[in-house]
2 protein chains.
Amino acid sequence: MSTKERILDAAVTLFSLKGYDAVSVGQIAEAVGIKAPSLYKHFKGKQDIFNAILKEMQKRYEIQSKELQMDGNNAAEDAGVFTAVSEDMLVNMGKRLFIYFLHDDYVCKFRKMLTIEQFHNKELASLFTKQYVDDPLSYQSAMLALLTQAGVLRQEERKIMALHFYAPIYILLTLCDRQPEREEEALQLVEQHIKQFSRIYQKEVRS
Amino acid sequence: MSTKERILDAAVTLFSLKGYDAVSVGQIAEAVGIKAPSLYKHFKGKQDIFNAILKEMQKRYEIQSKELQMDGNNAAEDAGVFTAVSEDMLVNMGKRLFIYFLHDDYVCKFRKMLTIEQFHNKELASLFTKQYVDDPLSYQSAMLALLTQAGVLRQEERKIMALHFYAPIYILLTLCDRQPEREEEALQLVEQHIKQFSRIYQKEVRS
DNA sequence: GTCTATAAGAAGATAGAC
DNA sequence: GTCTATCTTCTTATAGAC
C-alpha cells in the first residue's frame, strides 16, 4: 500500500470517528507514521484529502452498483423460477446486504463520515440520500416488482413495498454503526423482519 | 429571553449545522450579539454549553414523553371503539408524529446535532438510540398491540410490526433533515406507507 | 519523500477595567 | 454583564535541508 493510500485510509478512519473538523492534519500524519509536513507532498491540503476520499468512494460505489445489479438480475430471474422459496431468497438477500454494508471496512467508515458531514453542504446531502435511500429503494423496488409479477407477492404500491423492505434494514444498520455491541440483536431483527415482510405481503392462500 | 437562553439557542443552531468542533465560541457569541469573553460569565466554557443543551433537551424529552404517552393511551382506548376507522387513526398518528418531529424547532436542531455527534462517545450514541429508535419502537409496539387485541390487525410479532410502522417514518424524517426541499414528497410517502401498512396488516375478510 | 524550523492565524480561555 | 487586551496552545501550511 502506497503512502498516498495509507493517508487516505488513516484519514477516513479518523473522519468517520470524529468528523472532518475535529481531525487535524497532524493526527492523520501520526496515524500514518509520518510528520504533518510530509503529507503535503501527497496532497495539497486537508480538504484535498477529503475530496480524494469522496472521489475514491464514488468510484467504488459505481463498481459495486454494477455488480449488485448483476446479482439482482440473476436473483430476479431466479425469482420467477423459485416461487416457493421466495422467502428464503429474500432473507438471504437482506442479510447479505446488511452484513456487507456493516462489515466492509471502507464502506462502513465512509457511511459514518457522510453521516457526520451530511449537513455540511448540498452535495454531501445529495450523495448520502442517493447512496443510502434512493438507490437502494429503486433497486429493491425493481426486485420486488418481479416477485409481484411472478405471482408470489401481492400487488401493492411498489415504492412503498420497497420502503417496507428497506427502511427496517436501514434503521438497524445505522443502529449498529452507533452501537456495534447490538449487532447480533439487529441481525436477528433483520431476519425476523424479512420473514414477517414476506408473510404479510404474500398472496393469501384461501383459508 | 435571557442571555443564557439566547446563547443556548444560538449554540444549538450552529452545532446542528456544522457540528461541535466546527463552531467556535466566537461564532456563538457573534450570533448572540456579544463578544466571546462575555460568554464565559454565563458558562464555564464551550463544553459546558454543549452539556447544558443536552440537559435542557433531556428535560423537554421527558415532559414530551409523558404527554405523548397520555395521547397514546387515549388513542389506544379509541382504538377499541373505532375499529372501522383504524386506518385513519394510524394515518393521523403517523403524520402528526412526523410533522412534530420535523417542525419543532428545538427538537429538529437537537436531532441534527445528535446525528453529527453520535459517534463521539457512548453516552451520545445511547441517547440517540433511546430517543429515535428504542423509545418510539416500544411506544408504537404498545399501541399496535392494542389494535391487534381489538381484532383490527393480524396477530404478528409485535416488535417487527412496530419496526414496519416506524422505520419508514424514520428514514423519511432523516431524509427531510438532510434535504428539506423533499418534505412534500416525504409526507406523501408517509401517508401512503401507513395506508399500505394497515392494508397488509389488516385481518383478511374472507374473499 | 521525509524531516526540522517556522510562519501566520485561529482557537479556548483568563484578567481586569468599566 | 460587557468590554479590550492578552496568554497559550493548536492548526494549516510553507521553506528549505537531507
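Below, chain A is the first sequence line, B the second, and so on; all start at residue 1.
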Start and end of the DNA chain C segment that chain A contacts, any atom under 4.0 Å from a heavy atom
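Result: C:dG1 to C:dA5.
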Pairs meeting criterion ring pair (Phe, Tyr, Trp, His ring centres under 6.0 Å) with involvement of residues 18-49 of chain B, two or more places apart:
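Listed by first then second residue: B:F15-B:Y20, B:Y20-B:F50.
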So does B:E30 have more than 12 non-hydrogen atoms from other groups sitting under 6.0 Å from CD?
no
Using side chain to side chain contact (heavy atoms under 4.5 Å, CB included) as the criterion, list what pairs up with [X], not counting sequence neighbours.
X	result
A:S24	A:Q27
A:C176	A:F98, A:L102, A:E183, A:A186
A:Q64	A:Y61, A:L68, A:Y100, A:F101
B:D134	A:R182, B:T129

My understanding is that only residues two or more places apart in sequence, or in another chain, count here; which of them pass side-chain hydrogen bond (donor to acceptor under 3.5 Å, both in side chains) with B:D48?
none
Could you list the residues that satisfy side-chain hydrogen bond (donor to acceptor under 3.5 Å, both in side chains) with B:H164, not counting sequence neighbours?
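Listed in chain order: A:H193, B:Y201.
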Under the rule for ring pair (Phe, Tyr, Trp, His ring centres under 6.0 Å), what residues qualify as partners of A:Y132, not counting sequence neighbours?
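Ring pair (Phe, Tyr, Trp, His ring centres under 6.0 Å) list for A:Y132, sorted by chain: A:F128.
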Strictly by modelled atom types, are A:S141 and A:K159 linked by a side-chain donor-acceptor pair under 3.5 Å?
no
Please determine, by modelled atom types, if B:Q47 and B:N51 share a side-chain donor-acceptor pair under 3.5 angstrom.
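Yes.
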For DNA chain D, what residues of residues 41-48 of chain B have any heavy atom nearer than 4.0 Å?
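Close to the strand are B:K41, B:H42.
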For DNA chain D, which residues of residues 27-40 of chain B approach it to below 4.0 angstrom with any heavy atom?
B:I34, B:K35, B:P37, B:S38
Tell me which residues in residues 7-26 of chain B lie within less than 4.0 Å of DNA chain C, going by non-hydrogen atoms.
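Of all residues in residues 7-26 of chain B, the ones placing a heavy atom under 4.0 Å from DNA chain C are B:V23, B:S24, B:V25.
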Would you mind checking if B:R60 and B:E56 are paired as a salt bridge, meaning a charged N to carboxylate O distance below 4.0 Å?
yes
